[in-house]
Amino acid sequence: MLSQPSTDNVLSAIDSLEEYVRMDSTNAEAYFLLSSAYGLAPRYASMLRIDGEEKSMFYFLKAFSLDPGTVSGLRSMADLMIGYKNDYACAKELLLKILDSDPTNAKILFEYAILVAAQGNFNEAYKIRESALSSADSLTRLFIFNNSSRMHYMAHNYDGVIENSDSMIAFYYPKTRGVHHFYKALALAELGKFEEALAESILATPSLKGDAGGVANLARAYILANDIGNGNRALQELLNRYDAGEHVVKYQIAAIYEALDDFDNTFLWLNRVVDDGGAIHGWLIWLHHDPRWKRIRNDSRFNELVLKAGL
């Protein structure tokens with residue numbers, strides 16, 4: 001239901017699901033969906049982060065108490081094991097438990113592929129991804145393609161990122177194009193094509209009032225293209241949001257400071273990411289592979305960060 005989140009459909013989902021659980025307080029799946037919707041609300045519906053997190057956890061615990069063995073329950077617990085305990089091994093076991101009973105579940109297969117890739121086994125991960133695509137319905141295939149560029153990027157397969165992004169921009173829904181311009185910008189930047197990367201970042205996020213992750217990517221693209229003024233303006237927009245308790249993507253803010261050669265603030269924001277926890281589709285699991293951290297991997301603080309993150 002929320003494979004393509006937006007303000008309208010997140011708020012609509014919350015309204016309809018809250019009405020549904022008022023009528024039927026025993027439906028675990030509805031509570032899991034409501035937990036997911038509230039988890040998305042700070043990013044897509046301008047809800048304060050603390051409010052979204054509290055309601056998401058409340059409804060998750062309600063759902064899990066009703067039926068801990070559902071696919072949604074095990075999947076959500078896998079995210080929680082990462083987000084609250086940095087326990088990636090347990091998350092993998094939970095996904096494998098789902099696949100034991102439902103081996104062709106394409107979405108869970110792909111999420112398992114992400115965890116395998118994050119451990120550096122990219123060849124195996126690509127095979128699992130192909131298996132997921134072979135059993136996926138059209139909506140799940142879209143989900144997989146929408147999330148494949150990050151795996152390509154972390155494998156340093158920048159041509160693969162650009163090919164996947166261009167394909168999605170050309171053939172899929174207009175609402176998804178921004179994320180693919182985002183990933184194309186990341187790949188172009190790693191290829192040293194900073195002006196092209198900036199152009200793609202602007203296509204992804206035309207306004208500083210846009211999605212926080214996109215604004216951060218735009219800030220970094222400005223800086224790499226040597227437009228420090230606009231880069232700092234975009235960064236300040238994010239810092240203002242953070243001070244107001246609004247959603248920001250701390251991992252991406254760390255990447256801005258890395259581009260500014262400000263490694264103290266890079267580690268400050270990366271540590272904030274670890275303190276907040278990651279998720280299967282989060283960025284934190286890619287610390288070992290993200291090319292944006294190549295200049296800080298020999299810093300002793302990076303090893304401390306990796307240990308703290310459980311990676």
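Numbering of residues begins at 1 and proceeds along the displayed sequence.
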May I ask you to test the Trp286-Arg150 pair for a side-chain heavy-atom distance under 4.5 Å?
yes
Donor-acceptor pairs under 3.5 Å, side chain of residues 195-208 to any protein atom, not counting sequence neighbours: which ones?
unit_1, atom_1, unit_2, atom_2, d
Glu200, OE1, His181, ND1, 2.6
Ser201, OG, Ala197, O, 3.0
Thr205, OG1, Gly214, O, 3.4
Ser207, OG, Lys209, N, 3.0

Quick check: are there more than 12 heavy atoms from other residues, nucleotides or ligands sitting under 6.0 Å from CG of Asp100?
yes
dist Arg141:CZ -> Phe110:CZ (nearest 0.5 Å) comes out at 12.0 Å
Main-chain N/O of Arg22 paired to Ser25 side chain as donor or acceptor, under 3.5 Å:
no
When you measure from the side chain of Asn121 to the backbone of Glu124, do you find a donor-acceptor pair of N or O atoms at a distance under 3.5 Å?
no
Shortest non-hydrogen contact from Met151 to Ala125?
SD-CB, 4.3 Å
Do side-chain atoms of Ser135 reach the backbone of Thr104 as a donor and acceptor pair under 3.5 angstrom?
yes
Please assess Asn303 against Ser300 for the test side chain to side chain donor-acceptor pair (under 3.5 Å), listing each intermediate value before the final yes or no.
CA-CA 5 Å; Asn303 291 332; Ser300 61; over 6 Å; no
So Leu66 and Asn27, do their side chains get closer than 4.5 Å, heavy atoms only?
no
All salt bridge (Lys or Arg N to Asp or Glu O under 4.0 Å) counterparts of Arg301, not counting sequence neighbours:
Asp264, Asp299
Side chain to side chain contact (heavy atoms under 4.5 Å, CB included) with Asn265: which residues, sequence neighbours excluded?
Tyr257, Asp262, Leu268, Trp269
Cluster companions of Phe194 among Ile, Leu, Val, Met, Phe, Trp, Tyr (side-chain spacing under 4.5 Å)
Leu224
Working to the nearest 0.5 Å, report the span between CD1 of Ile253 and CG of Leu239.
6.0 Å
Ser165 side-chain N/O to Ile162 backbone N/O, donor-acceptor pair under 3.5 Å
no
Could you tell me if the side chain of Asn217 sits less than 4.5 Å from the side chain of Val249, heavy atoms only?
no
Find out whether Met168 and Leu142 are in side-chain contact, i.e. whether some heavy atom of one side chain is under 4.5 Å from a heavy atom of the other.
yes
Is it the case that the side chains of Asp15 and Ser12 hold a donor-acceptor pair, with the cut-off being a distance below 3.5 Å and no angle test?
no
Under the rule for ring pair (Phe, Tyr, Trp, His ring centres under 6.0 Å), what residues qualify as partners of Tyr126, not counting sequence neighbours?
His152
To the nearest 0.5 Å, atom CZ of Arg220 lies from atom CG of Leu218 at 12.5 Å
Any side-chain donor near an acceptor of the partner, Asn230 and Arg233, under 3.5 Å:
yes
Is the shortest heavy-atom distance from the side chain of Tyr38 to the side chain of Glu18 under 4.5 Å?
yes
Counting only N and O atoms by type, is there a donor-acceptor contact under 3.5 Å from the side chain of Arg177 to the main-chain atoms of Ile169?
yes
Salt bridge (Lys or Arg N to Asp or Glu O under 4.0 Å) filter on Glu93, not counting sequence neighbours, yields none
Sequence neighbours excluded, which residues qualify as side chain to side chain contact (heavy atoms under 4.5 Å, CB included) partners of Asn226?
Ile228
Please determine whether the number of non-hydrogen atoms from other residues, nucleotides or ligands lying under 6.0 Å from atom CG of Asn298 exceeds 12.
no
List the steps and the verdict of side-chain contact (heavy atoms from CB on, under 4.5 Å) for His289 and Phe122.
CA-CA 11 Å; His289 310 289; Phe122 285 100; 3.9 Å; yes
Looking only at the side chains, is there a donor atom on one of Ser148 and Asn164 sitting less than 3.5 Å from an acceptor on the other?
no
Which heavy atom of Phe182 sits nearest a heavy atom of Gly213, and at what distance?
CE1-O, 3.5 Å
Quick one: CG on Leu270 to CG on Leu284, what's the gap to the nearest 0.5 Å?
8.0 Å
Between Tyr158 and Glu163, is any side-chain donor less than 3.5 angstrom from a side-chain acceptor?
no
Do Leu95 and Leu115 come within less than 4.5 Å of each other through their side chains, counting heavy atoms only?
yes
Heavy-atom closest pair (Ala30 atom, Val21 atom, distance to 0.1 Å) is CB-CG1, 3.8 Å
First locate atom OG1 of Thr266, then atom CG of Leu260, and finally report the distance between them rounded to the nearest 0.5 Å.
8.0 Å
Can you list everything that forms a salt bridge (Lys or Arg N to Asp or Glu O under 4.0 Å) with Arg129? Sequence neighbours excluded, please.
none
Donor on one side chain, acceptor on other, Gln236 and Asn232, under 3.5 Å
no
Yes or no on side-chain contact (heavy atoms from CB on, under 4.5 Å) for Asn271 and Phe267, after CA distance, side-chain angles and deciding distance?
CA-CA 6 Å; Asn271 274 284; Phe267 281 110; 4.2 Å; yes
Check the hydrophobic clustering (I, L, V, M, F, W, Y; side-chain heavy atoms under 4.5 Å; chains of links allowed) and say if Leu307 and Leu305 are grouped together.
no
Can you check whether Glu258 reaches Arg295 side chain to side chain, under 4.5 Å on heavy atoms?
yes
Are any non-hydrogen side-chain atoms of Phe302 and Leu287 less than 4.5 angstrom apart?
yes
Taking all non-hydrogen atoms of both residues, which atom of Leu99 and which atom of Asn105 are closest, and how far apart?
CD2-O, 4.0 Å
Taking side-chain hydrogen bond (donor to acceptor under 3.5 Å, both in side chains) as the test, write out the residues that go with Thr26, two or more places apart.
Asp24
OH on Tyr59 to OG on Ser35, rounded to 0.5 Å
10.0 Å
Among all residues two or more places apart in sequence or in another chain, which pass the side chain to side chain contact (heavy atoms under 4.5 Å, CB included) test with Glu130?
Leu133
Those residues at least two apart in sequence (or on a different chain) that pass side chain to side chain contact (heavy atoms under 4.5 Å, CB included) with Asp290 are Tyr153, Met154, Tyr251, Trp283, Arg292, Trp293, Arg297
Count the heavy atoms belonging to other residues, nucleotides or ligands that lie under 6.0 Å from CZ of Phe263, then report whether that count exceeds 12.
yes
What's the shortest heavy-atom distance between Ala106 and Ile144, and which atoms?
O-CD1, 4.3 Å
Residues which pass salt bridge (Lys or Arg N to Asp or Glu O under 4.0 Å) with Asp166, listed by chain and number, not counting sequence neighbours
Lys184
